[in-house]
Amino acid sequence: MTTQAIDVHSIATLAASLDGHVVMPDDETYDAARQVFLGDVDRRPAAIARVASADDVARVIEFARQTGIELAVRSGGHSTAGQSTTDGGLVLDMRDMTAIEVDPAARTVWAEAGLSAVELTKATAEHGLAVGFGDTGSVGIAGITLGGGIGYMTRKHGLTIDSLLAAEIVTADGRLRQVDTEHEPELFWAIRGGGGNFGVVTRFKYRLHDVRQATGGMLILPATPDVIAGFIAAAEAAPEDLSTIANVMPAPPMPFLPAEHHGKLVVFALMMHLGDVEAGKAAVAPFRALAAPLVDMVQPMTYPDIYPPEDPAYRPTPVQRTMFLHHVDLATARTIIRFLESSDASLRAAQLRVLGGAMARVSVAATAFAHRASRILAVVVNFHDGTPVDRARRQTWADEFWAALNQGDDGAYVNFLSDEGQQRVRAAYPRETWDRLVEAKRRYDPTNLFRLNQNVPPEG
Ligand SMILES: Cc1cc2nc3c(=O)[nH]c(=O)nc-3n(C[C@H](O)[C@H](O)[C@H](O)COP(=O)(O)OP(=O)(O)OC[C@H]3O[C@@H](n4cnc5c(N)ncnc54)[C@H](O)[C@@H]3O)c2cc1C
């Protein structure tokens with residue numbers, strides 16, 4: 001049955017069967033409900049099912065399977081490929097499923113999939129504990145976990161999936177399964193990096209880490225080739241307690257940055273050291289010594305403060321490319337500066353994250369995220385103005401920048417891919433990982449019901 005054949009009556013029947021509710025195009029809340037994070041993704045689903053329970057999830061999946069309506073699955077709505085919504089299809093929206101059960105003694109938490117990173121982080125930090133997500137609090141725990149999860153704990157505790165102990169997932173056949181290393185281990189393997197291809201996760205169980213002592217915040221340095229290369233060298237040499245995210249970009253007109261630096265290229269770094277405050281100070285010292293900081297807000301802090309308040313109306317229009325780098329030497333740093341200086345996009349940046357540490361000690365075959373040996377994650381990004389002409393121009397810049405930085409690692413981090421086609425999805429997974437994912441897909445979603453994602457088709 002096609003999307004057009006889904007009538008209001010059948011959606012009303014679905015709605016009546018749910019604990020949650022369904023938002024339709026003529027509802028007052030429809031426009032707000034259909035919005036996702038990206039400002040240039042403007043799709044109009046036939047209906048948005050705001051589910052309230054695992055049973056609801058199963059009912060929506062059953063409905064989609066029986067009717068053939070295109071199904072999008074949305075949690076935090078931050079898909080960098082705009083893949084959590086649909087034109088004319090049905091959105092299964094997890095946002096209202098936000099229950100949290102912390103077990104402080106066992107240092108674990110069960111968290112429903114509709115939570116954002118900041119919501120869960122704030123709740124667990126009340127116990128002095130947290131699991132690591134990314135750099136942005138509003139990102140959904142579901143999407144980031146299913147792709148891997150690279151952020152402020154990567155070097156100390158690994159990826160988000162390295163702290164994932166179990167999950168509950170409704171597969172295409174409508175069955176709710178609890179998966180872990182003992183129960184359906186292949187499915188548990190696949191959802192740790194394989195994205196939303198295998199079903200809808202309703203709850204995650206994470207191991208929690210001690211965050212009672214944290215030193216972090218923003219450090220802004222002038223972006224010379226020496227400082228950029230020196231920053232990456234310092235991040236590689238730093239103790240694993242420290243993870244950093246460095247954005248080379250024109251300085252935004254922030255009130256606490258002297259006006260003469262606005263618009264000039266800076267290294268806008270965010271850092272997080274977990275552990276003793278004196279050790280944190282020592283770990284940050286080499287970065288402070290690279291140049292006189294323009295802004296230095298790195299200080300003892302509570303861990304959730306790494307997620308400052310966000311403007312809910314902020315809906316950016318980025319064009320981005322991602323890759324892994326082996327090194328950032330002076331020549332690489334000069335290339336970064338040259339590209340950033342050549343563009344007039346309202347926002348443009350090269351983001352560099354030094355990996356390694358605990359993330360690199362997990363074996364390549366242990367999870368579907370296989371880039372364990374990759375040393376530096378890079379993203380080049382620039383914003384377009386919403387017009388097709390400008391978008392194409394910004395895409396060319398990103399493509400050329402990406403090609404100029406390429407050091408021969410053709411892998412990609414799946415969570416930073418845009419809608420770049422099947423070849424780039426393949427780049428996220430080495431051959432052996434891909435073949436295993438295809439096997440899991442054939443077993444758990446043979447008709448590719450879950451295809452609005454970085455898709456692993458059952459035919460391989
Ligand atoms: C501003 C910004 C900052 C980011 N920073 C980081 C970062 O620091 N580190 C990092 O690793 N990543 C980062 N990301 C990438 C982010 O991890 C991915 O975009 C992620 O998929 C977003 O998850 P979400 O739940 O918000 O997205 P959604 O758009 O809701 O979903 C994304 C994908 O996951 C699938 N999905 C969502 N929920 C479920 C579910 N419950 N069960 C099964 N499948 C599901 C969807 O179908 C879709 O394909 C960032 C993205 C943005 C936009």
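From a predicted model like this one, the values you see are computed outputs, not experimental measurements. When a ligand or atom number is given, it counts from 1 through the structure's own listing order.
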| query | Do R192's NZ or CZ and the ring of F188 fall within the cation-pi criteria of under 6.0 Å and 45°? | reply | yes
| Heavy-atom side-chain proximity of N455 to F450 below 4.5 angstrom | no
| said: Show me, by chain and number, every protein residue that has a heavy-atom distance under 4.0 Å to ligand 1. | reply: F37, V73, R74, S75, G76, G77, H78, S79, T80, S84, M94, A113, G134, D135, T136, V139, G140, A142, G143, I144, L146, G149, I150, G196, G199, V200, V201, R353, Y413, N415, F416, L452, N453
| query | For W397, is the NZ or CZ atom of R348 found under 6.0 angstrom from the centre of its six-membered ring and inside 45 degrees of the ring axis? | reply | no
| task | For the pair Y206 and F204, name the ring-plane relationship: parallel under 30°, tilted 30 to 60°, perpendicular over 60°. | result | parallel
| With a 4.5 Å heavy-atom cut-off, do N382 and F401 have their side chains touching? | no
| said: Once you measure the plane-to-plane angle for Y413 and F369, does it fall in the parallel (<30°), tilted (30-60°) or perpendicular (>60°) bin? | reply: perpendicular
